[in-house]
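To keep things clear, I will list the structure first and then write my remarks on it.
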Amino acid sequence: MADAPARSSLFDGLNNREGPARRHAGGAGPSPTEMLMRYSPLALALSLAVAVTASTSYGQAPQTDDARVTELLATGRAALAAGDVEGATDRFEAALALDPGYAGSYLELADAARARGMQGKAIHYYREAQKRDPGNLVAISGEGAAMAEKGATAKAKQNLARLQSLCGSNCAEAGELAAVIARGPLPQVKSADAGNHDQMGKPATEQN
């Protein structure tokens with residue numbers, strides 16, 4: 001017990017000795033090391049948030065707040081996967097009517113149109129999606145793919161170049177479009193285009 005006062009006076013002396021230094025440091029502001037230790041976790045969190053935002057700013061359509069739209073799109077995709085293109089289209093159109101500003105509905109309608117061999121209509125839907133969500137990688141890739149399937153290879157390559165400038169050559173959307181371009185136009189689209197050209201080349205008497 002006799003040691004207690006001595007130990008107390010020792011700590012008091014240390015505190016008194018450190019006090020002016022701390023007060024002086026406080027008046028001059030925190031040191032760079034203290035600032036780094038204090039704000040590094042916050043800075044790291046902010047930098048991660050910025051990185052995530054930058055990585056997701058392309059390719060993802062804004063989300064809808066309407067649960068009915070989400071359900072319709074989900075059941076529509078299931079119908080499309082099962083080969084029920086008409087049923088899928090009906091669901092996608094119903095979703096679009098509920099939320100006309102949602103780009104995701106246009107993307108689904110575009111995919112359904114491509115499945116029906118209606119590449120021109122698909123291009124329209126992909127462009128509508130881009131109006132509502134500029135820079136959407138899926139819409140840019142899909143539009144280019146529909147162009148390639150129609151035989152508009154030069155325009156499809158422009159979309160590919162745009163994709164590569166946005167996400168690089170190795171991103172999934174650029175790879176998918178490059179593969180479609182490499183396959184060339186769809187046979188049925190080529191045949192339909194050829195038929196139209198033949199009709200345009202016929203004399204008026206033969207067309208009638």
Side-chain angles (χ1 to χ4, degrees), residues 56-164 166-167 170-197 199:
T56 58
S57 60
Y58 294 111
Q60 293 186 355
Q63 298 300 309
T64 180
D65 295 328
D66 195 327
R68 298 171 299 173
V69 173
T70 302
E71 182 178 357
L72 282 167
L73 294 181
T75 57
R77 284 190 291 269
L80 188 61
D84 183 7
V85 182
E86 294 294 337
T89 301
D90 289 342
R91 290 170 173 80
F92 297 151
E93 289 177 345
L96 181 62
L98 289 171
D99 189 355
Y102 180 46
S105 299
Y106 286 99
L107 293 176
E108 302 295 354
L109 281 166
D111 289 344
R114 282 179 65 191
R116 298 170 65 183
M118 301 174 67
Q119 273 64 26
K121 196 168 187 177
I123 291 171
H124 165 74
Y125 285 134
Y126 285 128
R127 288 176 178 172
E128 288 297 322
Q130 291 178 68
K131 288 180 183 178
R132 289 154 179 81
D133 183 24
N136 186 291
L137 300 183
V138 175
I140 297 170
S141 178
E143 179 192 17
M147 289 174 174
E149 290 166 351
K150 283 191 68 175
T153 306
K155 292 182 178 180
K157 288 181 178 179
Q158 290 177 4
N159 277 43
L160 179 59
R162 184 182 174 195
L163 277 175
Q164 291 171 341
L166 290 173
C167 66
N170 296 324
C171 74
E173 291 81 6
E176 291 171 4
L177 177 53
V180 175
I181 292 174
R183 286 199 299 267
L186 292 176
Q188 63 266 30
V189 177
K190 287 171 59 177
S191 299
D193 289 344
N196 290 336
H197 288 310
Q199 289 292 329

Hey, is the main chain of Val138 close enough, under 3.5 Å, to the side chain of Ser141 for a donor-acceptor pair?
no

Has the side chain of Asn136 got a donor or acceptor atom that lies under 3.5 Å from a matching backbone atom of Ala139?
yes

Side-chain contact, heavy-atom cut-off 4.5 Å: [X] with [Y]?
X      : Y      : answer
Gln130 : Ile140 : yes
Thr89  : Glu108 : no
Ser105 : Leu73  : yes
Phe92  : Leu72  : no

Nearest non-hydrogen partners of [X] and [Y], listed with the distance:
X      : Y      : result
Ala103 : Asp133 : CB-CB, 3.9 Å
Leu107 : Ala129 : CD2-CB, 3.7 Å
Pro185 : Gly151 : CG-CA, 3.6 Å
Ala122 : Ala146 : CB-CB, 4.4 Å
Ala145 : Leu177 : N-CD1, 3.2 Å

Indicate yes or no: does Glu71 engage Arg68 in a salt bridge with an N to O separation below 4.0 Å.
no

With a 4.0 Å cut-off on N to O distance, would you call Arg183 and Glu149 a salt bridge?
no

Could you walk me through whether Lys121 and Leu109 satisfy the side chain to side chain contact (heavy atoms under 4.5 Å, CB included) test, starting with their C-alpha distance in whole Å, then the side-chain angles of each, then the deciding distance to 0.1 Å, before giving a yes or no?
CA-CA 9 Å; Lys121 196 168 187 177; Leu109 281 166; over 6 Å; no

Side chain to side chain contact (heavy atoms under 4.5 Å, CB included) assessment of Ile123 paired with Lys150:
CA-CA 10 Å; Ile123 291 171; Lys150 283 191 68 175; 4.0 Å; yes

Please determine, by modelled atom types, if Asn159 and Tyr126 share a side-chain donor-acceptor pair under 3.5 angstrom.
no

Pairing donors with acceptors under 3.5 angstrom, does anything connect the side chains of Arg132 and Tyr102?
no

Nearest 0.5 Å please: distance from the [atom1] atom of [X] over to the [atom2] atom of [Y].
X      : Y      : atom1 : atom2 : answer
Tyr106 : Arg127 : OH    : CZ    : 15.0 Å
Thr64  : Asp99  : OG1   : CG    : 4.0 Å
Leu163 : Glu143 : CG    : CD    : 10.0 Å
Met147 : Gln158 : CE    : CD    : 8.0 Å
Glu173 : Leu160 : CD    : CG    : 11.5 Å

Walk me through it: do Glu86 and Arg116 pass the test side chain to side chain contact (heavy atoms under 4.5 Å, CB included)?
CA-CA 9 Å; Glu86 294 294 337; Arg116 298 170 65 183; 3.3 Å; yes

